[in-house]
Amino acid sequence: MLASQRAGSILLLWMALLALAHALPWLGGYRHLELAQAVEQGTARIEKNEIGEVGDDVIRKAIQTQRATQGFWQALLLLVDLVFEPLALLLRALVTASLFAGIAALGGRPVQFPRTFAETSLAQGWWVLGSVVRTVLMIGLHRTSVETSAALFLPPGNYPATFWVLLQQVDAFGLLGWLSLALGAGRRGQVAWPLALLALLPIALFESLIRTAGFLLLEAGPRLSLLPAG
């Protein structure tokens with residue numbers, strides 16, 4: 001009971017800190033600027049591709065419609081940053097705790113679910129720390145985005161969006177988080193940590209695929225051009 005209460009308190013703290021780390025770039029105007037720049041890329045495409053093809057009034061209306069979508073994307077991004085991302089901490093802790101407890105039960109070892117859930121909840125701090133570091137760097141460097149992932153090592157150039165977003169999933173703090181979860185399972189005697197890391201791989205890959213699809217939508221969506229009909 002005490003372990004479950006401890007896990008709940010830890011998760012609430014992490015979720016609050018993560019929401020704060022995501023809220024600061026909004027309050028500082030960085031996320032607004034990034035979104036506005038993305039929407040303007042869509043309007044630029046309309047002007048470039050449709051000038052001379054349709055009337056000026058049609059183009060102006062399309063540009064107005066394009067800019068009007070900024071409110072929708074802003075609401076969606078806020079929902080992701082302040083609700084979905086904090087809830088991901090809870091989901092990840094529950095799934096990994098259940099996985100290790102299940103493996104221990106199958107192997108005839110003590111399940112230790114309350115302790116496991118408390119420790120997997122504590123390990124979510126690595127993901128929170130990553131967000132805090134990126135937020136501090138973003139504000140300190142006055143940049144709309146900062147990388148702590150494998151994408152940081154790419155030389156300057158143009159890359160396919162899917163490739164770029166996939167590399168973003170290979171994040172230093174995320175890797176430390178998954179390693180911490182595996183080491184915890186080994187320390188509790190549920191499963192040897194290399195095998196625990198192997199068991200976590202499908203979960204990490206599934207999460208990366210979900211994030212990749214979501215990020216592609218949120219990155220590409222505001223940049224799509226709402227071209228005039230006819």
Side-chain angles (χ1 to χ4, degrees), residues 15 18-19 21-26 29-50 62-63 65-92 95 124 126-128 130-135 137-138 141 143-178 200-228:
M15 291 168 73
L18 185 61
H22 285 165
L24 288 176
W26 285 102
Y30 296 96
R31 291 288 269 166
H32 292 284
L33 177 60
E34 183 181 23
L35 179 58
Q37 290 174 340
V39 172
E40 285 304 314
Q41 288 180 16
T43 63
R45 284 198 190 92
I46 294 175
E47 293 177 321
K48 179 181 178 181
N49 296 333
E50 298 300 317
I63 290 174
T65 303
Q66 180 82 19
R67 288 173 175 160
T69 65
Q70 184 168 334
F72 166 77
W73 293 112
Q74 179 174 314
L76 188 56
L77 283 167
L78 280 168
L79 190 64
V80 170
D81 285 349
L82 304 183
V83 179
F84 290 162
E85 286 289 355
L87 286 177
L89 299 176
L90 170 62
L91 184 60
R92 191 186 297 115
V95 170
Q124 303 310 302
W126 286 109
W127 282 272
V128 178
S131 291
V132 170
V133 168
R134 286 188 291 274
T135 295
L137 290 175
M138 184 185 301
L141 298 174
R143 296 174 58 180
T144 57
S145 63
V146 174
E147 286 297 333
T148 56
S149 69
L152 183 65
F153 300 103
L154 285 176
N158 295 320
Y159 300 94
T162 303
F163 175 67
W164 178 269
V165 175
L166 282 172
L167 279 184
Q168 285 182 315
Q169 306 313 304
V170 188
D171 182 77
F173 294 96
L175 293 175
L176 287 171
W178 292 114
L200 288 171
L201 185 59
I203 299 174
L205 289 175
F206 179 74
E207 180 179 332
S208 294
L209 289 175
I210 294 294
R211 287 182 175 277
T212 297
F215 287 167
L216 284 175
L217 170 65
L218 294 173
E219 287 291 321
R223 294 173 171 81
L224 293 177
S225 300
L226 300 179
L227 300 176

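If you read the sequence from its start, that first residue is 1, and numbering goes on from there. Quick caveat, the model's predicted, so the values are computed rather than measured.
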Salt bridge (charged side-chain N to carboxylate O under 4.0 Å, His left out) pairs touching residues 145-168, sequence neighbours excluded, are none
Trp127 meets the ring-ring contact (aromatic ring centres under 6.0 Å, His included) criterion, sequence neighbours left out, with Trp178
- Task: Report yes if some heavy atom in the side chain of Ser131 is under 4.5 Å from a heavy atom in the side chain of Leu18; otherwise report no.
- Result: yes
Taken in chain and number order and not counting sequence neighbours, the residues that satisfy side-chain contact (heavy atoms from CB on, under 4.5 Å) with Leu33 are Gln37, Thr144
So salt bridge (charged side-chain N to carboxylate O under 4.0 Å, His left out) across residues 154-175, not counting sequence neighbours, yields Arg134-Asp171
Hits for salt bridge (Lys or Arg N to Asp or Glu O under 4.0 Å) against Arg31, two or more places apart or cross-chain, chain-then-number order -> Glu34, Asp81
query: Would a 4.5 Å heavy-atom cut-off, applied to side chains only, mark Pro25 and Thr135 as touching?
result: yes
List the atom pairs, with distances to 0.1 Å, where a side-chain N or O of residues 82-89 and a protein N or O form a donor-acceptor pair under 3.5 Å, not counting sequence neighbours.
| from | atom 1 | to | atom 2 | distance (Å) |
| --- | --- | --- | --- | --- |
| Glu85 | OE1 | Arg211 | NH1 | 3.2 |
| Glu85 | OE1 | Arg211 | NH2 | 3.0 |
| Glu85 | OE2 | Arg211 | NH1 | 2.7 |

Taken in chain and number order and not counting sequence neighbours, the residues that satisfy side-chain contact (heavy atoms from CB on, under 4.5 Å) with Val165 are Gln168, Gln169, Thr212, Phe215, Leu216
Contacts satisfying salt bridge (charged side-chain N to carboxylate O under 4.0 Å, His left out) that involve residues 151-165 (not counting sequence neighbours) are none
Residues at least two apart in sequence or cross-chain that pass side-chain contact (heavy atoms from CB on, under 4.5 Å) with Leu35, listed by chain then number, are Val39, Gln70, Trp73, Gln74, Leu77, Pro222
Item to check | Stepwise side chain to side chain contact (heavy atoms under 4.5 Å, CB included) check, Leu154 with Trp164 | outcome: CA-CA 9 Å; Leu154 285 176; Trp164 178 269; 3.6 Å; yes
